[in-house]
Amino acid sequence: MKYDHKKIEKKWQKYWAENPKLFAADDKSDKPKQYILDMFPYPSGDGLHTGHVESYTATDIISRYLRMSGFNVLHPQGFDAFGLPAENYAIKTKIHPAETTKKAITNFKKQMNMMGFSYDWSREVISADPEYYKWTQWFFLLLYKNGLAFKSKGKVNWCDSCQTVLANEQAEGGVCDRCGKPVRQKDLEQWYFKITDFIEDTGKTSGLLSGLDKIDWPESTKAGQRNWIGKSEGAQFKMEIVTKDSVILSPKGEESKRSFVNTQDDKLHLSVFTTRLDTVFGMTFALIAPEHKLVQELKSKITNWSEVEKYIVETKKKSELQRMAEVKEKTGVELEGIKVLNPFTKKTIPLFASDFVLAHYGTGAVMAVPAHDERDFAFAKKFGLPIDEVVKSVDGKSSVAKEAYTEDGVLINSGEHNGLTSAEARKKLTQWLQKEKIGQGTINYKLRDWLVSRQRYWGAPIPIIYCDKCGEVPVPEKDLPVLLPNDVDFMPTGESPLAISKKFHDIKCPKCGAKARRESDTMDTFVCSSWYYLRYADSQNDKEFASKEMLKKWLPVDLYVGGAEHTVLHLLYSRFFTKVLHKLGYIDFDEPFSKMRHQGIILAPDGRKMSKSWGNIINPDDVVAEYGADALRLYEMFMGPLEEMKPWNTKGIVGVKRFLDKTWNYLSADYTGIFIDNNDRNQWIEGKIDGATSRETEVLLHKTIKKVSEDIESLKFNTAISQLMVLRNSFYEIEAKRPISEKSYIEPIKGQRIKKSDFEKFIILLAPFAPFIAEEIWQGVLKHKGSIFNEEWPKYNKDLVNDETIQMPIQINGKVRAVLAASATISEEDAKKLALSDSNVIKWLEGKEPKKVIFVKGRLVNIVV
RNA sequence: GCCGCGGUGGCGGAAUAGGUAGACGCAAGGGACUUAAAAUCCCUCGGCUGAAUAAGUCGUGCCGGUUCGAUUCCGGCCCGCGGCACCA
């Protein structure tokens, strides 16, 4: 009978849904735990895509394998339901996001069940449910009470299309993460989380940087996070600003030049940060960001103010994108009338405002050393400024005539410091700064605090109340959750839609009872997803986000699998939350995900990315309808290594489908099967007759148990499946006992078959990969009571796994000239004797005496002549 | 530019404490079965020489090194992909 995947898969979907205990995590069990986690999906209207199927199948195989191997496995799933896409879709269609989200979730769950993913649905979390976002709000208050959530006014990324602010991480490259449109800078008061407090270790809590060293994550992801944090060590120092009016005084009070005056009394300094203090003697000018407040403070002293002001206005008009497009073309304007004093050379140098200096990094101003910095070099060339060489390469061959020499080297033209290496000079000059009290060694980071407020509707409301008398008042915990009203107009206006709802907005102060108003911004969805993995440990708890006991039992996550696009955003924020909770004593681990892997992108058959606009999307529903869920699971795992990018090949799925059919057909009485007739079949199933497994097949079976187990643990599903194919192929080739060389049909001989218990082991090995057909064979064909997933994972026999005899290659000068059968434990002496007596070897030696004979135990012999 | 990853048949990919390169699968060609097709089954399948399932020879991006032996280790290039990018 042909395998009817539609009927059979439906049958076991229903059976597994009715027996949720099969896959449920057990809070009370004392078996060792494993927490295997998928990144919870955003429930889009498009449903599951091939990428979801890939990573979810991988974790499903591991979860099923671990359960059968005696572990208490937590493998939950949920939905990242808040967010801009749902809201934008709602705006387009005028359907409430709660409605579309609910519908999408229903569809996702249907598809996940279709694929046979063994989730513990009793722990499902949906981030848009009040029972969930109550705790998101609780976390906000926890951070607030500990000084880690604060309101601040400053330049923020604003997306005109989405009508909201964005975190830096969501505005990379000056483009909105969600809609791809350019982002502009706007001055606004917004809520931030103090993620920068956790870059370095604090007390017993490892920092965002050092914590990376102890987790098993892809190197590229760790590098991405380090790069985003952007730690750089250098020095910061003050330079005095002098004006044209009168006498200049050196820092120590001596007169030097007549036409400048030390403005130290006005406390006007230019602070700069550099990682190359060793080049400071080559500073021939200084640069300041046009937005720097010092520029405004110096207004009265700047003689070309109208020109400077014009430049500032122009800079402001440029978008981040434009500024980046102009990377090569340096622009700027000198602040005439003032100069700065290089404290090392005591020389005065000009100061320029230029938009390539970033106001928000370091001090917003830099020392310019054109001889040793590419950007300063370009600027100096354009404005005709001097280029003073102060560092020479060790071999003395470097030249700054055509380009900057940016490597370390040996100091020249640096007074008493000549001859020092760059590293020595940095150390010494930093000490000098400290002694003179004008600067010190400093560390700067690119990472800035996380902007979490959004002027949008579909998110968790920020639990803060503004009272005219009491000011900013946190919502008392007993009043949580602050419910998101569902009767507001969610069309974007630039102001939060919640501000329009009077019922939501106007309330009484919980402290004094006076008239007050609610914060109308909602939280970034990434706040919701920064802690969801904790909730699964105790998802029904209405007293705490999770009990200490359950957190201790289940966390941290042992394996996390998801897309590489989350390298910075979600994965950095989650680590931050974990570190906050660790520091505040809620949990005893400070990294949430011990091991993580990314699934590679599955490309369309045409080699391009799957996308609606190309019309090349492979829809899992269609594939399942034609080939079945088992075939889809197996194919996606067989395509190649999990983390690699790989193109879909519709023909390729035929191969795994054939493998499944052959497995099924083996147990039939037609010409491809092993049974003579149905009576024969029934007797074998009932155990009245049994087959006999050859030594060869038995060895192969045990090798397969070993390889499949090891491959699952190291996520090498492609080779695990190929090994299962090799084993299944051998059932015919070996058991039929017909030499292949005869070229006769290798088809099963009726009645000749392996032992039933050995065949069952094969089906158990197959079960995590193709659960439907395995369950059908187990319960439907072999008539076992109860699920195959209650069975124990087979163990291999060590004695059978090690080969007794090997095919030993005999090389002459590294080239194989003969392959001889030998015992695996053959001695060196015997092996040499055997090799030298072989006729082929004798022929190749041409009577020459071997110079050397190399013997590798259990491997080969190499004769050198 | 910087960081990370990778380059193996017609294709997806196996094999690295250095030890028979090309497992498994797809595609292709030939054959069996069939009135026919589908399905199924068998054989061949890196290049070259060769009638050959005899034998040989070249082959894991390129050049060189270490070694009895290199896809694997080392040095120097070339190419592709992904991420970051005026961060001083």
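Values below: all heavy atoms of this structure, side chains included; hydrogens, waters and symmetry mates excluded.
- At the heavy-atom level, A/Met645 lies under 4.0 Å from the strands shown only through sugar-phosphate atoms.
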* To do: Quick one: do A/Arg226 and A/Asp213 satisfy salt bridge (charged side-chain N to carboxylate O under 4.0 Å, His left out)? Show the steps, please.
  => CA-CA 11 Å; A/Arg226 284 193 194 100; A/Asp213 299 334; 3.3 Å; yes
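- For A/Lys651, counting side-chain heavy atoms from C-beta on, the closest listed nucleotide (B/C84, B/A88, B/A27) is B/A27.
- In this structure, of B/U20, B/C41, B/A88, it is B/C41 that holds the atom nearest to the side chain of A/Lys662.
- Between A/Lys646 and B/G12, a side-chain N or O to OP1/OP2 separation shorter than 4.0 Å is absent.
- Closest to the A/Val816 side chain, of the nucleotides B/A88, B/U20, B/C84, is B/U20.
- Of all nucleotides listed (B/C26, B/A14, B/C84), B/C84 comes nearest to the side chain of A/Lys446.
- Spacing of P atoms, B/C68 relative to B/A51, comes out at 40 Å, to the nearest Å.
- B/A52: no Watson-Crick or G-U partner with both key distances under 3.5 Å is found in any strand.
- One finds a side-chain N or O of A/Asn729 lying less than 4.0 angstrom from the OP1 or OP2 phosphate oxygen of B/G25.
- When the nearest nucleotides of RNA chain B are assigned to A/Asn840 and A/Glu233 by heavy-atom distance, the more 5′-ward of the two goes with A/Asn840.
- Taking atom P on both nucleotides, B/U8 is separated from B/C2 by 25 Å, rounded to a whole Å.
- Relative to the six-membered ring of A/Phe356, A/Lys330 meets both conditions, a distance below 6.0 Å and an angle of at most 45° to the axis.
- For A/Ser220, the listed nucleotide lying nearest its side chain is B/G4; candidates were B/G12, B/A27, B/G4.
- Between the P atom of B/G13 and the CG atom of A/Leu642 lies a distance of 13 Å, rounded to the nearest Å.
- Under the 30°/60° scheme for interplanar angles, the aromatic rings of A/Phe731 and A/Phe762 are found to stand perpendicular.
- Contact annotation for A/Gln807: base contact, defined as any heavy-atom pair under 4.0 Å involving a base atom.
- Close to B/C58, at under 4.0 Å from its OP1 or OP2, lies a side-chain N or O of A/Lys815.
- Figure legend. B/C41 is base-paired to B/G31; pairs are counted as Watson-Crick or G-U wobble with both atom distances under 3.5 Å.
- Which of B/G19, B/A14, B/C86 sits closest to the side chain of A/Asn718 comes down to B/A14.
- Using C1' as the reference atom, B/G69 and B/G18 are 8 Å apart when rounded to the nearest Å.
- Taking 4.0 Å as the cut-off between side-chain N and carboxylate O, A/Asp355 and A/Lys316 do not count as a salt-bridged pair.
- For the C1' atom pair drawn from B/A52 and B/C45, the interatomic distance equals 16 Å after rounding to whole Å.
- Glycosidic conformation of B/G9: syn, with the torsion inside 90° of 0.
- Taking atom C1' on both nucleotides, B/U53 is separated from B/G30 by 15 Å, rounded to a whole Å.
- Between A/Arg658 and B/C24 there is no side-chain N or O to OP1 or OP2 distance below 4.0 Å.
- When each of A/Trp664, A/Phe659, A/Tyr627 is checked for a ring pair (Phe, Tyr, Trp, His ring centres under 6.0 Å) with A/Tyr3, only A/Trp664 meets the rule.
- Each of B/G19, B/A23, B/C26 was ranked by its minimum atom distance to the side chain of A/Asn649; first place goes to B/C26.
- Taking a pair to require two hydrogen-bonding distances under 3.5 Å in either a Watson-Crick or a G-U wobble arrangement, B/G18 remains unpaired.
- Nearest-nucleotide positions on RNA chain B for A/Tyr361 and A/Arg728 put A/Arg728 closer to the 5' end.
- When distances are taken from the side chain of A/Asn227 to each of B/G19, B/G4, B/C84, the shortest belongs to B/C84.
- Across all strands shown, B/A36 has no partner, as no Watson-Crick or G-U wobble contact with both distances under 3.5 Å is found.
- A/Trp844 has a side-chain polar atom (N or O) that falls below the 4.0 Å cut-off from OP1 or OP2 of B/G56.
- In this structure B/U57 sits in a base pair with B/G47, meeting the Watson-Crick or G-U test at under 3.5 Å.
- Among B/A85, B/A88, B/A14, the nucleotide with an atom closest to any side-chain atom of A/Pro641 is B/A14.
- Rounded to whole angstrom, the span from the CD atom of A/Gln723 across to the P atom of B/C24 amounts to 10 Å.
- At the heavy-atom level, A/Arg817 lies under 4.0 Å from the strands shown only through sugar-phosphate atoms.
- The separation of B/G61 from B/U71, taken at their P atoms, amounts to 9 Å, rounded to a whole angstrom.
- The closest donor-acceptor contact from the side chain of A/Lys646 to the backbone of A/Pro641 lies under 3.5 Å.
- Base pairing of B/G4: its partner is B/C81, meeting the Watson-Crick or G-U wobble criterion (both donor-acceptor distances under 3.5 Å).
- The distance between atom CD of A/Gln225 and atom P of B/C3, rounded to the nearest whole Å, is 19 Å.
- Nucleotides B/C3 and B/A15 have their P atoms positioned 29 Å apart, rounded to a whole Å.
- Ring-plane geometry between A/Phe383 and A/Phe379 is classed as parallel, the angle between the planes falling under 30 degrees on a 0 to 90 degree scale with a further cut at 60.
- Partner assigned to B/C26 is B/G10, using Watson-Crick or G-U wobble distances below 3.5 angstrom.
- In the set B/C24, B/G13, B/C68, B/C68 carries the atom at the smallest distance from any side-chain atom of A/Val864.
- Here, B/C81 and B/C33 have their C1' atoms 48 Å apart, quoted to the whole Å.
- Taking atom NZ of residue A/Lys857 and atom P of nucleotide B/G18, one finds them 19 Å apart after rounding to whole Å.
- Between A/Glu565 atom CD and B/G82 atom P there is a gap of 14 Å when expressed in whole angstrom units.
- Nucleotide B/C86 holds its P atom 16 Å from the CZ atom of A/Phe273, rounded to whole Å.
- Within 4.0 Å of A/Gln811, counting heavy atoms only, lies at least one base atom of the nucleic acid.
- A sub-4.0 Å separation between OP1 or OP2 of B/G13 and a side-chain N or O of A/Ser722 is absent.
- Rounded to an integer number of Å, the gap from A/Phe379 CZ to B/A88 P is 19 Å.
- For the pair A/Leu358 CG and B/A88 C1', the computed distance is 9 Å after rounding to whole Å.
- Residue pairs satisfying the salt bridge (Lys or Arg N to Asp or Glu O under 4.0 Å) criterion with at least one member in residues 815-828 of chain A, sequence neighbours excluded, are listed as follows: A/Glu828-A/Lys832.
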Worked verdict on A/Asn157 versus A/Gln170 for side chain to side chain donor-acceptor pair (under 3.5 Å): CA-CA 9 Å; A/Asn157 303 298; A/Gln170 291 163 321; over 6 Å; no
